[in-house]
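Chain letters run A, B, ... following the sequence lines, proteins first, then strands; residues in each count from 1. All values derive from a computational prediction rather than experimental measurement. We use all heavy atoms of the structure for the numbers below, so side chains are in, but hydrogens, waters and symmetry mates are not.
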Protein chains: 2
Amino acid sequence: MNDMDTHATEPAADPAEDDAPWLTAREQRLWRAHLEVSKLLEYQLSRELQQHDLAINDYEILVVLSESPDRRMRMTDLATATLQSKSRLSHQITRMESAGLVLRQECPGDRRGLFAHLTEQGWQTLRKVAPDHVRSVRAHFIDRFEDDQLDALFEALAPIAEHLRGLRGRG
Amino acid sequence: MNDMDTHATEPAADPAEDDAPWLTAREQRLWRAHLEVSKLLEYQLSRELQQHDLAINDYEILVVLSESPDRRMRMTDLATATLQSKSRLSHQITRMESAGLVLRQECPGDRRGLFAHLTEQGWQTLRKVAPDHVRSVRAHFIDRFEDDQLDALFEALAPIAEHLRGLRGRG
DNA sequence: CTGAAGTTGTAGAAAATTGAACAACCTCGG
DNA sequence: CCGAGGTTGTTCAATTTTCTACAACTTCAG
């Protein structure tokens with residue numbers, strides 16, 4: 001049950017014994033818990049979405065599009081929103097297009113551009129799948145916090161998300 | 001800046017309007033923050049490891065092996081520990097073996113089995129890379145919590161990790 | 001001992017991801 | 001209008017991941 005990690009368990013055998021910015025035991029257990037939860041949660045949700053023939057990335061795109069004006073979004077914006085490369089998104093939209101979930105649509109003002117547009121079938125698929133997915137998110141994550149933990153956790157994570165979002169642009 | 005999600009933003013346009021176990025606004029912002037942090041953090045750490053020619057999975061394997069007795073582990077156990085399929089691990093170990101980081105070793109008691117064994121070079125690589133990695137983990141995560149947040153967060157995550165670990169076995 | 005059943009790790013093909021190169025297009029200073 | 005410089009999305013090749021089948025081996029009941 002180990003996980004990717006920065007290990008600071010065996011002082012004498014640590015990869016760099018001295019003057020390294022090592023993690024304390026308290027820090028390390030948090031870091032490992034975070035990694036474990038991230039990984040296992042993604043695994044679990046992915047497994048459950050699979051019963052609807054959706055990858056986790058497919059679901060993400062359905063959600064983002066469903067929340068966009070006219071249920072569509074420019075390819076580049078969608079790539080940014082979902083943290084994918086343009087290339088990867090292009091392939092993925094091709095796949096989802098074959099599955100009938102989305103459609104590529106010309107962009108009126110800009111002949112370079114394309115919209116990825118949620119089809120009716122894509123919308124209905126999301127309607128069908130979302131409740132199960134939310135149930136899982138609750139069962140495996142949200143409902144497992146106390147009421148005050150829920151807000152405290154958000155307060156802790158929000159600035160980190162912002163920090164990381166900031167890094168994303170430059171490097 | 002959107003993310004994979006369960007969206008409960010536009011009541012009238014939600015995929016399933018009624019009697020669904022929807023997320024409240026408070027719940028949703030936490031869920032989105034968690035997803036965003038997970039994803040961006042992995043992206044960032046992966047990017048930084050890349051400067052040492054290591055994928056995040058390579059690093060994870062180096063760490064797990066370094067903490068194992070005799071710095072080696074059976075393929076199947078290693079696959080389980082790192083949440084990979086046997087096939088994927090096999091390919092990955094082949095790559096890491098080419099890179100000189102690990103070695104396949106016969107297993108005395110069981111002629112079916114093999115150990116993945118950390119080489120001296122693999123160990124030295126970890127020694128070299130780990131401090132940078134830990135610095136990143138601090139800069140982007142650990143050092144961004146207040147002292148009390150750090151423990152509170154662990155208390156919140158630990159039971160979830162345990163729950164998910166439990167699911168893993170069965171389904 | 002024998003053979004059915006389970007385990008271990010690999011092989012090969014198919015699918016997904018990445019990064020670079022590219023054609024088509026837009027923008028804007030001159 | 002012109003053309004340099006940037007943007008948009010796709011495509012290609014190389015790599016990585018996934019899935020399935022498989023051969024070698026162990027275990028264990030009979």
Side-chain angles (χ1 to χ4, degrees), chain A residues 4 39 42-44 46-47 49-51 53-61 64-65 72-99 101-117 168-169 171, chain B residues 4 39 42-51 53-61 64-65 68 72-99 101-117 169 171:
Chain A
M4 185 204 91
K39 216 166 168 177
E42 175 167 353
Y43 175 82
Q44 190 65 29
S46 171
R47 239 181 74 87
L49 279 175
Q50 205 171 344
Q51 299 176 339
D53 285 304
L54 285 181
I56 211 160
N57 283 329
D58 298 330
Y59 185 80
E60 179 180 9
I61 286 189
V64 171
L65 288 182
R72 66 184 191 181
M73 196 181 270
R74 284 290 289 270
M75 293 294 278
T76 296
D77 297 335
L78 190 52
T80 301
T82 58
L83 300 179
Q84 296 186 328
S85 69
K86 287 185 299 176
S87 169
R88 178 175 170 179
L89 178 68
S90 180
H91 286 302
Q92 181 168 357
I93 291 295
T94 300
R95 271 173 256 141
M96 292 179 73
E97 209 170 1
S98 310
L101 299 171
V102 300
L103 218 49
R104 271 183 249 247
Q105 213 174 43
E106 284 188 6
C107 177
D110 187 341
R111 283 208 290 162
R112 295 167 307 177
L114 290 176
F115 284 111
H117 187 286
R168 188 83 171 88
Chain B
M4 185 205 89
K39 214 166 169 178
E42 173 167 354
Y43 174 82
Q44 189 66 30
L45 293 177
S46 170
R47 240 182 74 88
E48 293 173 2
L49 278 175
Q50 205 171 344
Q51 299 177 339
D53 285 305
L54 285 181
I56 210 161
N57 283 331
D58 298 330
Y59 185 80
E60 179 180 10
I61 287 189
V64 171
L65 288 182
S68 293
R72 65 184 191 180
M73 197 180 270
R74 283 288 290 270
M75 293 293 279
T76 295
D77 297 336
L78 189 52
T80 301
T82 59
L83 300 180
Q84 296 186 327
S85 68
K86 288 186 301 177
S87 171
R88 177 175 168 179
L89 178 68
S90 180
H91 286 302
Q92 181 170 357
I93 292 295
T94 299
R95 271 173 255 138
M96 292 179 74
E97 208 170 3
S98 309
L101 299 171
V102 300
L103 217 50
R104 270 183 249 249
Q105 212 174 42
E106 283 186 7
C107 176
D110 186 341
R111 284 210 288 161
R112 295 167 306 178
L114 290 175
F115 284 111
H117 187 286

(message) Looking at D:dT18, I'd like to know if its phosphate oxygens (OP1 or OP2) sit under 4.0 Å from a side-chain N or O belonging to B:Arg88.
(response) yes
(request) Taking only the side-chain nitrogens and oxygens of B:Asn57, find out if one of them lies under 4.0 Å from OP1 or OP2 of D:dT16. (result) no
Measure from the side-chain heavy atoms of [X] and tell me the nearest of [options].
X        : options               : answer
A:Leu114 : D:dT8, D:dC19, D:dT10 : D:dT10
A:Arg74  : D:dT16, D:dT8, D:dT26 : D:dT8
B:Ser87  : D:dT18, D:dG9, D:dT26 : D:dT18

(message) More than 12 heavy atoms of other residues, nucleotides or ligands under 6.0 Å from CD of A:Glu42: yes or no?
(response) no
(message) Here's a test of your reading of the structure: between B:Thr76 and B:His91, which maps to the more 5' nucleotide of DNA chain C?
(response) B:Thr76
(message) On DNA chain C, does the nearest nucleotide to A:Arg111 precede the nearest nucleotide to A:Gln92 from the 5' side, or the other way round? Give the residue.
(response) A:Gln92
(request) Extract, from 5' to 3' on DNA chain C, the first and final nucleotides lying under 4.0 angstrom from some heavy atom of chain A. (result) C:dA16 to C:dC26
Can any side-chain N or O of [X] pair as donor or acceptor with the backbone N or O of [Y] at less than 3.5 Å?
X        : Y        : value
A:Gln92  : A:Asn57  : yes
B:Gln50  : B:Ala55  : no
B:Glu106 : B:Arg111 : no
B:Lys86  : B:Thr80  : no

(message) Would you compute the distance between atom CZ of A:Arg95 and atom CG of A:Asp58 and round it to the nearest 0.5 angstrom?
(response) 7.5 Å
(request) Identify, between B:Ser85 and B:Arg112, the residue whose nearest nucleotide on DNA chain D lies closer to the 5' end. (result) B:Ser85
